[in-house]
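For ligands, and for the atoms within them, numbers begin at 1 and follow the listed sequence.
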Amino acid sequence: MSKIAFEGQKYETESNESVLDCLTRHGVSVKSSCKAGVCQSCMMVAHEGEPPEKSQAGLKSVLKAQNYFLACACVPKSDIHVGLPDKNLVEIETTIQAVDLLNPEVVRLRLVRPENYEYYPGQYLTLTNPHDVSRSYSIASVPSEENYIELHIRRVPDGQMSGWAHTEAKAGDTVHISQSHGECFYIQDDPQQPLLLIGTGCGLAPLYGIIREALRQGHSGPIHLYHGSRTLSGQLTSNGLYLVDELRALEQSCDHFFYHPCISRGHVPENMRQGRANDMALEDHKSLTGWSVYLCGQEDMVKTTKTKAYLAGANLQDIYADPFIVTPSC
Ligand SMILES: Cc1cc2nc3c(=O)[nH]c(=O)nc-3n(C[C@H](O)[C@H](O)[C@H](O)COP(=O)(O)OP(=O)(O)OC[C@H]3O[C@@H](n4cnc5c(N)ncnc54)[C@H](O)[C@@H]3O)c2cc1C
Ligand code: FES
């Protein structure tokens with residue numbers, strides 16, 4: 001058991017308890033989202049004591065050097081004195097440039113890209129809305145071509161952030177974003193390597209950025225995109241396809257990009273596939289030896305498909321996976 005000193009009070013941890021869980025159990029409000037060490041919204045700083053290495057995984061070295069850590073991943077081994085992070089270091093102010101619906105369930109937010117804000121298409125950031133709710137979203141824009149940051153947000157029932165994005169958010173609103181994170185982006189090792197991209201729902205967001213960046217960099221190998229939805233058009237329990245016309249136009253203009261929209265339930269038009277995107281993709285491409293594979297969206301789909309892609313011959317270092325870990329309901 002360790003003691004956590006925070007804002008003049010001391011709190012004792014239970015066995016194997018994280019700083020986040022301990023403070024929350026004592027009624028202290030600390031910002032958090034994924035509780036899995038991914039979104040970085042629970043970042044704190046250790047004024048005294050060493051945060052364990054695991055709690056600094058994924059942090060930029062400048063933050064690690066200043067003893068920043070993720071409270072959800074920090075089970076202290078000894079007493080520790082912690083504080084909230086310097087907001088200017090972890091949150092960047094920006095403005096919503098445009099809000100529009102891509103289908104009844106997916107809203108597109110375009111944010112003004114702050115000066116010197118750098119990212120690779122396919123990475124994600126943590127968005128904090130005016131109600132101080134923070135959640136992670138993948139970036140669909142391409143920095144060298146677009147002067148905004150584009151996010152696609154699917155509405156989930158009773159969702160705090162997605163509810164705000166669909167009903168309240170408007171151009172001109174001030175929001176905050178984190179620096180970009182994540183390893184799921186295009187790296188041009190071999191421009192002829194075949195690429196397989198599989199996404200469900202808003203898993204299309206990072207893939208849309210990755211595909212356009214790969215083409216911009218002159219990728220010449222085949223690029224297959226499988227985008228899946230339960231039904232064709234969105235309702236609150238499914239998600240619906242979106243950007244279909246844009247992806248078809250891209251397919252028309254590029255002879256090595258192949259778009260496979262997949263619907264797993266209900267009516268399926270002739271020019272779409274019936275079944276789950278991951279099943280269709282692995283059925284079409286039985287051997288993935290030599291391929292790069294990108295998997296984004298629903299957590300279970302990403303995890304199981306990662307294993308199957310590996311068993312089909314893809315090298316683990318060529319599989320880029322971005323599971324959309326959701327905030328566990330309390
Ligand atoms: C790396 C990363 C990238 C992500 N990228 C995107 C993205 O590009 N677009 C996007 O829309 N989301 C993305 N997410 C998910 C996103 O961070 C939020 O979890 C999601 O928008 C729901 O937030 P909320 O505040 O609306 O719902 P909450 O208020 O957090 O949740 C409300 C209720 O809905 C449940 N719930 C939350 N999310 C889902 C879900 N997806 N399906 C079913 N039930 C759910 C919760 O368990 C809870 O019971 C990403 C997550 C991660 C970790
Ligand atoms: S990283 Fe701690 S809540 Fe997401």
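Closest heavy-atom approach to atom 18 (C) of ligand 1 among the candidates Tyr124, Phe324, Tyr137: Tyr137. Taking only non-hydrogen atoms, the option from Ser162, Ser136, Ser33 nearest to atom 17 (O) of ligand 1 is Ser136. Heavy-atom proximity to atom 25 (O) of ligand 1, evaluated over Glu150, Met161, Gln123, is greatest for Met161. The residue among Gly159, Pro157, Cys202 with a heavy atom at the shortest distance from atom 34 (O) of ligand 1 is Pro157. The heavy atom nearest to atom 42 (N) of ligand 1, considering only Gln298, Arg154, Arg155, is found in Arg154.
Closer than 2.8 Å to atom 4 (Fe) of ligand 2 sit the protein N, O or S atoms Cys34 SG, Cys39 SG.
Remark: Lys308 NZ is loosely packed, at most 12 non-hydrogen atoms of other residues, nucleotides or ligands lying under 6.0 Å away.
Note on Lys3 versus Asp79: no salt bridge recorded, every NZ/NE/NH1/NH2 to OD/OE distance being 4.0 Å or above. Salt bridge status for Lys303 with Asp300: absent, with no side-chain N to carboxylate O gap under 4.0 Å.
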Test Lys31 against Glu91 for salt bridge (Lys or Arg N to Asp or Glu O under 4.0 Å), laying out the working first. CA-CA 13 Å; Lys31 202 185 282 183; Glu91 287 190 355; 2.8 Å; yes
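Numbered from 1 in the order shown, with element, the atoms of ligand 1 that lie under 4.0 Å from a heavy atom of Ile153 read 11 (O). Which parts of ligand 1 touch Asp322 is read off a 4.0 Å heavy-atom cut-off, strictly below it: atoms 1 (C). Within the listing of ligand 1, atoms 24 (P), 25 (O), 26 (O), 27 (O), 28 (P), 29 (O) sit less than 4.0 angstrom from a heavy atom of Gln160.
A donor and an acceptor atom, one from each side chain of His181 and Gln179, are nowhere located under 3.5 Å apart.
Between Ala171 and Val99, the closest heavy-atom pair is N-CG2, 4.0 Å. In terms of heavy-atom proximity, Tyr186 sits nearest to Pro191 at OH-CA, 4.4 Å.
The six-membered or imidazole ring of His227 lies near that of Tyr242, with a centre-to-centre distance under 6.0 Å.
Note on ring orientation: taking the six-membered ring where Trp is involved, the planes of Phe257 and Tyr259 are parallel (angle under 30°, cut-offs 30° and 60°).
Looking at Val156 against ligand 1, only its side chain comes within 4.0 Å, counting heavy atoms. Proximity of Ser138 to ligand 1, defined as any heavy-atom pair under 4.0 Å, is shared by backbone and side chain alike.
Shown are Arg110, Arg212, Arg113; of these, the salt bridge (charged side-chain N to carboxylate O under 4.0 Å, His left out) with Glu146 is made only by Arg212.
Not one N or O on the side chain of Asn315 forms a donor-acceptor pair closer than 3.5 Å with the backbone of Asp318.
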